[in-house]
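We count residues from 1, following the sequence as given. Since the structure is predicted, the reported quantities are computational estimates derived from the model, not experimental observations. Both ligands and their constituent atoms are indexed starting at 1 by order of listing.
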Amino acid sequence: MLHPSPANAIYVEVILPLALPQVYTYFVPEEWAQQVQFGVRVEVQFGKNKIYSAVVVNVIQGGNEHTQKSKPILAILDDVPIITNIQYQLWQWLAAYYTCTLGEVMSAALPANLKLASETQIVVSPLYDPNIKGLSDKEFMVMEALNHNKSLTTDQLRDLLQQKSVYSILKGLLDKKLVYLKEDLQEKYKPKTISCVRLREPFDVEENLSEAFELVKKSERQTNALMAYLQIGRSQEHIRKKDLYKAGGNVDSTVLNAMSKKGIFELYDREVSRLGSYEEEVVEKFPLSEQQERAIGEIEQQFEEKNVVLLHGVTGSGKTRVFIELIQKIIDRGEQVLYLLPEIALTTQIVQRLQRIFGDQIVVYHSRVSNNDRVEMWKEVKAGKPIILAARSGIFLPFQNLKFIVVDEEHDPSYKQNDPNPRYQGRDTAIYLAALHDAKVLLGTATPSLESYQNTIWKKYGLVEMKERFGGLAMPKIEIIDIKEETKRKTMKSIFSSAMISELEAALERKEQIILFQNRRGYSPVLQCVTCGWHQECVHCDVSLTYHKFYDRLKCHYCGFTMSIPEACPACGVVGLHLQGFGTEKIEDELKIFLPDATIARMDLDTVRSKNSLLRLMTDFEEKRIDILVGTQMVTKGLDFENVGIVGILSADQLLQFPDFRAGERAFQLMTQVSGRAGRKHKQGKVLIQTYNPAHPVIREVIANDFDTFFTREITERKQFSYPPFIRLIRITLKHKRTDILNRGAKVYEKVLKHKLGDWVIGPAIPYISRVRGQYLLDFIIKIDREGKKVRYAKQTIRLAGNQMKMTEGCSGVRVNVDVDPM
Ligand code: ADP
Ligand code: ZN
Ligand code: ZN
């Protein structure tokens, strides 16, 4: 294509959905010159024969010697920008702060339906009706082809339509929901439907209604149904069967079926967005307690001066009610609220509580939402939906008027994305996002992260405390059980102390429920030979395999590798391999021996693979069909059950011995949070902690519910040994299948880093887990002052070291992962 005189030519800079370090320039043919603008997608060719949808971030008039050679765009896909300027600013910040590429950020940010590539596969929507009218010829051709093929790639569409540019057509079909991306069907997308009723012709017009009444006049129930229908119809477009049953008094499905036979009603299923809309009743808010009233006043006062406030409220203090009140005020002003939760799937209770108050004003956005729903929600947020409830990826939405962000359970490590890039901290990113929008942030938790709490001491954040539980309920009583003692006295019953068992028996007697916590799933972590100490490691990773009784196999928690159990020790040949230590599965099994009459269920990654199984488990527990719930850290998160008499922590030592500078902080958080599940509504609960080490400071601080002492001791150590929040950490991991290549690359990398950064660099070191999925790993840690200039210099050096290494012969295949503020 010929470029017009360079001075007038229009060019665009675009982000491609690939891990490329920069933006790329394309030429805009004259026909589109008026139409192209920031934020729209364009179809472009990249490389020899790959075609992508890319996002325009800059429109440039006039070329130079570089732009002369740029390829033309193939089409413009959007009339209006799909991203806002603020979103782009956030992307730029993420790429710079977390040292990754804009393409990687964009890939994480955009819903899949907005990212099209040569390999993107599409399929026919399960809702597609072949008799649909109004398709263009080309659309018709695509639908026909899809009806005969399971799926097509966009490159196959190009062949079919004999044209290079196909994304506009594809976009049209996606918008009309006639096609889906294939990934969606793998998520088993099923539309949710609601049973509804409408009047059939000719009764659907006012004049003929009397005739309908005539037809039902012999049946009082049918007459009621018709009247109820008209009544509800005044305020609602779709009339649900359920509403008719309620409003009609004695109306049920037989009544409606009879009327359908008479030709008066037509029964139909209406498709609704699966997670977006809330169609249950909306209930009143409880009046505020005195403490909540005071907290709200203080928060608002602090917001006068500070952009971020930490609400430190003990478990059960009623923080949610405080959030609700503040959210209400924001949406009354017509402004938007983002409510972040660590893992939506695990916090359905909170989601339901908010939906019961705010109903349809909420959209719920997280990784399990289908791609179609995601685009829909994206549009709703852009149109100004008042409340967005989301997991960390919610920070990527196109907010219009965002003024308030709640980060609930701000201490939770799952706010951090560990893999892939961008490896961002959702809470920290939310704070940056708020600054872009001039919005306020409220961090809520019973166990603040050391980072956030230190920020209140540095006066960067405000601090508001709620020290009492709602309704004056006492904090749970925490008791320690010394395992060493019991072992000495030989009173242990397998993994349980006899003290634990007798407490559990008593609780069951009192008809109370029990939660048992162990932060390890599976049966026993390792199978060990008692004679020679041999144990089975994963063939791909440097970790011991965990025994899973349910599958009767050994399994790797990192890569999923499984194998059967050897009969004799492969090293010494002795028969008699023993299980050492224990996970949730073993607890469940052993409990059945000691408490044969109790109903026991387990909640961990192995039992709640699907959202439904989790919901079922929670409902069963709530409705008291389960006596004892055994679980991993899943049971520590925001669950609010009324009847939990006892919470048992089976091995505090396992939490405290984790080889990480945050072990103490995590142990304190997990133990305090799980304790908070005890005795929530009317009665003080009890917590039992089994440990070999009753004198451990963290255990003493948990018992005393003494956050201040915990914080002071822990933060002093952090300062003494130079750990966050006093310095910044960057962890760099180099990976390769071959150790010789890895080592060679690491030498080059180390040289550059140490030359520029000197003592800040620690490593290379073999990490705790040194091989994952067949790749060997080496770690560097960089400790830098928090000063912005130094951090930027370090990041520059990291890029430089990476480039140097890649240029070294044989080392181009060494992968580099950079994790800023690793958790
Ligand atoms: P937190 O999140 O601080 O641990 P919750 O918000 O779960 O505490 O509240 C603890 C319990 O107290 C919940 O069962 C909640 O329904 C109840 N509660 C909180 N505030 C009120 C209120 N103002 N009126 C009635 N019940 C309340
Ligand atoms: Zn493995
Ligand atoms: Zn052996």
Side-chain angles (χ1 to χ4, degrees), residues 281-299 309-329 339-344 346-358 387 389 406-412 427 442-449 452-453 463-476 478 512-513 515 517 618-619 621-624 633-645 647 668-685 687 702 705 707:
E281 242 174 314
V282 174
V283 296
E284 289 290 312
K285 298 188 272 278
F286 301 118
L288 295 165
S289 72
E290 220 170 278
Q291 181 178 238
Q292 288 166 335
E293 198 89 65
R294 175 188 53 78
I296 290 165
E298 285 179 18
I299 291 166
V309 172
L310 173 67
L311 174 60
H312 178 198
V314 296
T315 53
S317 56
K319 293 183 287 295
T320 317
R321 182 68 187 83
V322 170
F323 300 149
I324 288 169
E325 191 69 13
L326 292 163
I327 290 170
Q328 186 69 58
K329 292 187 185 190
Y339 189 121
L340 288 177
L341 284 161
E343 284 162 291
I344 291 265
L346 297 180
T347 38
T348 35
Q349 281 187 335
I350 292 268
V351 174
Q352 284 168 1
R353 264 167 85 181
L354 292 172
Q355 282 186 323
R356 244 175 275 139
I357 309 255
F358 296 109
I387 305 169
L389 217 70
V406 175
V407 183
D408 201 358
E409 310 292 357
E410 66 88 24
H411 64 279
D412 198 301
R427 172 198 62 211
L442 183 58
L443 309 174
T445 176
T447 50
S449 64
S452 297
Y453 205 78
L463 175 67
V464 174
E465 294 179 298
M466 288 165 68
K467 296 193 165 166
E468 309 287 321
R469 286 187 142 189
F470 177 79
L473 195 71
M475 293 303 288
I478 303 179
E512 291 171 359
Q513 287 171 295
I515 291 179
F517 166 68
M618 297 214 325
T619 318
F621 195 65
E622 204 159 77
E623 291 171 4
K624 308 198 175 69
Q633 40 95 24
M634 280 189 174
V635 299
T636 67
K637 298 197 181 190
L639 299 178
D640 180 15
F641 297 114
E642 290 182 18
N643 187 41
V644 177
V647 164
F668 182 86
Q669 287 166 350
L670 282 168
M671 287 196 266
T672 305
Q673 292 283 352
V674 75
S675 302
R677 307 308 128 207
R680 305 246 321 165
K681 259 281 144 73
H682 308 293
K683 202 168 157 259
Q684 185 185 26
V687 180
V702 170
N705 188 30
F707 178 82

Peer 1: Just going by heavy-atom distances, which of Met466, Arg321, Arg353 is nearest to atom 16 (O) of ligand 1?
Peer 2: Arg353

Peer 1: Using the test side chain to side chain contact (heavy atoms under 4.5 Å, CB included), find all partners of Lys467 that sit at least two apart in sequence or belong to another chain.
Peer 2: Glu465

Peer 1: Using atom types as modelled and distance alone, determine if a side-chain donor or acceptor of Gln291 lies under 3.5 Å from a backbone N or O of Glu468.
Peer 2: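 Yes, Gln291 side chain to Glu468 backbone: donor-acceptor pair under 3.5 Å.
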
Peer 1: Using a 4.0 Å cutoff against the non-hydrogen atoms of Thr315, which atoms of ligand 1 qualify?
Peer 2: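 Those atoms are 4 (O).
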
Peer 1: Please indicate whether any nitrogen or oxygen in Phe286 is less than 3.5 Å from any nitrogen or oxygen in ligand 1.
Peer 2: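 In fact, backbone or side chain, Phe286 has no N or O that close.
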
Peer 1: Is the backbone N or O of Glu410 less than 3.5 Å from a side-chain atom of Arg427, with the two atoms forming a donor-acceptor pair by type?
Peer 2: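 Side chain of Arg427 to backbone of Glu410, a donor-acceptor pair under 3.5 Å: yes, one is there.
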
Peer 1: Pairs of nitrogen or oxygen atoms closer than 3.5 Å, one from Gly318 and one from ligand 1: do any exist?
Peer 2: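 Yes - when backbone and side-chain N and O of Gly318 are compared with those of ligand 1, one distance drops under 3.5 Å.
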
Peer 1: What atoms of ligand 1 come closer than 4.0 angstrom to any heavy atom of Pro287?
Peer 2: 22 (C), 23 (N), 24 (N)

Peer 1: Quick one: list whatever passes side chain to side chain contact (heavy atoms under 4.5 Å, CB included) with Gln292, sequence neighbours left out.
Peer 2: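 Residues passing side chain to side chain contact (heavy atoms under 4.5 Å, CB included) with Gln292: Leu288, Ser289, Arg321, Val322, Met466, Phe470.
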
Peer 1: With a 4.0 Å cut-off on heavy atoms, is Gly313 touching ligand 1?
Peer 2: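 Gly313 does not count as a contact of ligand 1 under the 4.0 Å cut-off.
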
Peer 1: Identify which one of Ser452, Ser317, Pro448 satisfies the side-chain contact (heavy atoms from CB on, under 4.5 Å) criterion when paired with His312.
Peer 2: Pro448

